[in-house]
Amino acid sequence: MTRSPNHGELAVSFGAVAAEYDRGRPRYPDELFDTVERLWGRSLKGARVLDVGAGTGIATRLLAARGADVVAVEPSDGMAAQFLLSSPTLPLVRGGGDDLPFHDGSADLVTYAQAFHWTRPERSVPEATRVLRPGGAVATWWNVQDETVPWVRARAERMAAALPDRYRGYGGISAHTSHFAPAGLAVERAVLHWERRITVEHVLTDLTSRSYLASLGPEERAPVLAAEREAMLAEFPDGVVVEPFTLDVTVAVRRG
C-alpha cells in the first residue's frame with residue numbers, strides 16, 4: 001500500500017518539476033495588482049516587497065514590472081535554480097515564510113502568490129507582521145480553477161478518483177486567511193474572475209507541476225497524464241482550452 005505524503009513532502013515536491021511549473025502555471029491579470037493597491041490603499045511603485053514562496057518568480061516579475069522594489073524569498077533548491085534562470089536580474093534570498101531572514105520593520109508589503117497555504121500560520125503571520133513597517137500589509141492570492149464550469153469540475157473528479165490520497169482542492173482558503181484578523185491586521189478581501197486560452201499540452205504541463213502529481217515519480221505520473229490527455233482531447237478535439245479561474249485575494253494591513 002502506498003503511503004500518503006505529508007504536508008512537508010508535498011511542499012518540497014515542486015523542485016523536481018520547477019521547469020514545468022514556470023512554463024505551465026497561470027500568470028496573473030493586471031486587475032490583481034490594481035486590487036492589491038486598492039485594498040492596501042497604497043501604490044506598489046517604490047514599495048519594498050518581500051515575495052515569499054516566490055517559486056520560479058512568476059509573481060515576482062510582475063511585481064517588479066509594477067515598479068515594486070521586490071526581493072524573492074524561496075526555500076526550494078530546484079525552484080530557486082529555475083528562478084535564477086527565469087529572473088536573473090531580480091534578487092533572491094533563500095528562506096521561508098515561517099522564519100523570514102529580514103530585520104524588523106524592513107518591508108512595506110509581504111506577498112504570498114499561491115504559497116501561503118504551505119506555511120504554518122501560527123508562525124508565518126507573526127513573522128510577516130514583524131518585518132512590516134506601520135501601514136504595511138500582507139497580501140495573499142490564489143488562482144483557483146473555477147469548478148462551476150462542468151469540464152473543470154469533471155477534471156477535479158478524475159484527479160480525486162485517480163489520486164485519492166494526494167489530490168486536495170483549494171476549498172480551505174478562508175481557513176488560512178482567518179489568522180490575520182486575530183493578529184490585529186485589518187483584513188480586506190476580493191474575488192476576481194479571468195481566463196486564459198491554452199493548449200491541452202499546456203494544461204498537462206501545468207498539472208505536472210501540481211503537488212499531487214509532482215510528488216509522484218515520472219513513471220507513476222505517466223498513466224495519470226495519459227488518461228487526462230485522452231479525456232481533455234475528447235472535450236476539446238481542436239486541442240485548445242479556455243481555462244477559467246477565480247482569483248482569491250486577501251490584503252491584511254498593519255495599522256499605524
Side-chain angles (χ1 to χ4, degrees), residues 10 13-35 51 53-66 78-79 82-83 85-87 111-115 117 141-163 166-171 173 190-216 218 220-249:
L10 289 172
S13 66
F14 298 112
V17 293
E20 290 84 353
Y21 191 108
D22 199 49
R23 292 199 310 272
R25 287 295 180 107
R27 275 46 181 168
Y28 303 102
D30 287 341
E31 187 183 2
L32 164 65
F33 301 102
D34 294 340
T35 300
D51 186 28
T56 63
I58 292 170
T60 316
R61 295 190 289 272
L62 294 171
L63 287 161
R66 293 287 293 227
M79 297 289 263
Q82 184 64 45
F83 179 98
L85 289 173
S86 303
S87 314
T111 60
Y112 297 85
Q114 220 80 13
H117 58 294
W141 59 81
W142 288 267
N143 267 320
V144 182
Q145 279 102 2
D146 186 352
E147 292 188 9
T148 65
V149 176
W151 76 260
V152 177
R153 185 167 59 252
R155 181 177 65 183
E157 291 168 354
R158 289 193 297 271
M159 289 296 104
L163 302 166
R166 293 173 184 268
Y167 179 79
R168 298 290 183 272
Y170 282 99
I173 286 173
V191 177
L192 312 177
H193 299 277
W194 72 288
E195 59 187 27
R196 65 173 178 169
R197 187 179 181 88
I198 56 176
T199 65
V200 167
E201 291 306 316
H202 195 150
V203 171
L204 296 172
T205 299
D206 185 358
L207 280 175
T208 301
S209 77
R210 302 288 166 173
S211 61
Y212 46 87
L213 282 170
S215 58
L216 296 172
E220 296 174 290
R221 284 198 298 267
V224 179
L225 291 170
E228 190 57 25
R229 178 182 285 106
E230 182 178 357
M232 291 294 291
L233 286 173
E235 182 75 30
F236 301 100
D238 65 352
V240 178
V241 180
V242 177
E243 190 171 28
F245 290 96
T246 296
L247 183 46
D248 193 296
V249 189

- E20 CD to Q82 CD distance, which is reported to the nearest 0.5 Å: 9.0 Å
- Once you round to the nearest 0.5 Å, how far does CG of D146 lie from CH2 of W151? 10.0 Å
- Query: Between T199 and F236, is any pair of side-chain heavy atoms under 4.5 Å apart?
  - Reply: no
- Student check: side-chain heavy atoms of Q145 and R153 closer than 4.5 Å: no
- Looking only at heavy atoms, the pair that brings E220 and V224 closest together is O-CG2, 3.9 Å
- Item | Minimum heavy-atom distance between A113 and D51, given as atom pair plus value | N-OD1, 4.3 Å
- For the residue pair W142 and A115, what are the closest heavy atoms and their distance? NE1-N, 4.5 Å
- Any idea which heavy atoms bring Y167 and A156 closest together, and the distance? OH-CB, 3.4 Å
- First locate atom CE of M159, then atom OH of Y212, and finally report the distance between them rounded to the nearest 0.5 Å. 6.5 Å
- Task: Show your reasoning for whether side-chain contact (heavy atoms from CB on, under 4.5 Å) applies to F245 and L247.
- Result: CA-CA 6 Å; F245 290 96; L247 183 46; 5.7 Å; no
- Message: With rounding to the nearest 0.5 angstrom, report the OG1 to CZ distance, T111 to F33.
- Response: 8.5 Å
- Item | Flag, side chain of N143 to backbone of R27, donor-acceptor distance under 3.5 Å | yes
- Task: Kindly give the heavy-atom pair with the smallest separation between L213 and L225, and that separation in Å.
- Result: CD1-CD2, 4.0 Å
- Message: List the residues meeting salt bridge (charged side-chain N to carboxylate O under 4.0 Å, His left out) with D206, not counting sequence neighbours, and say none if there are none.
- Response: R25, R196, R210
- Under the side-chain hydrogen bond (donor to acceptor under 3.5 Å, both in side chains) test, residues paired with D22 that sit two or more places apart: T56, R61, S86
- Message: Quick one, E228 and V200 - any side-chain contact, counting heavy atoms below 4.5 Å?
- Response: no
- Task: Could you check M232 against L207 for side-chain contact (heavy atoms from CB on, under 4.5 Å), going step by step and ending with a plain yes or no?
- Result: CA-CA 12 Å; M232 291 294 291; L207 280 175; over 6 Å; no
- Is there a donor-acceptor contact under 3.5 Å from the side chain of H202 to the main chain of V240? no
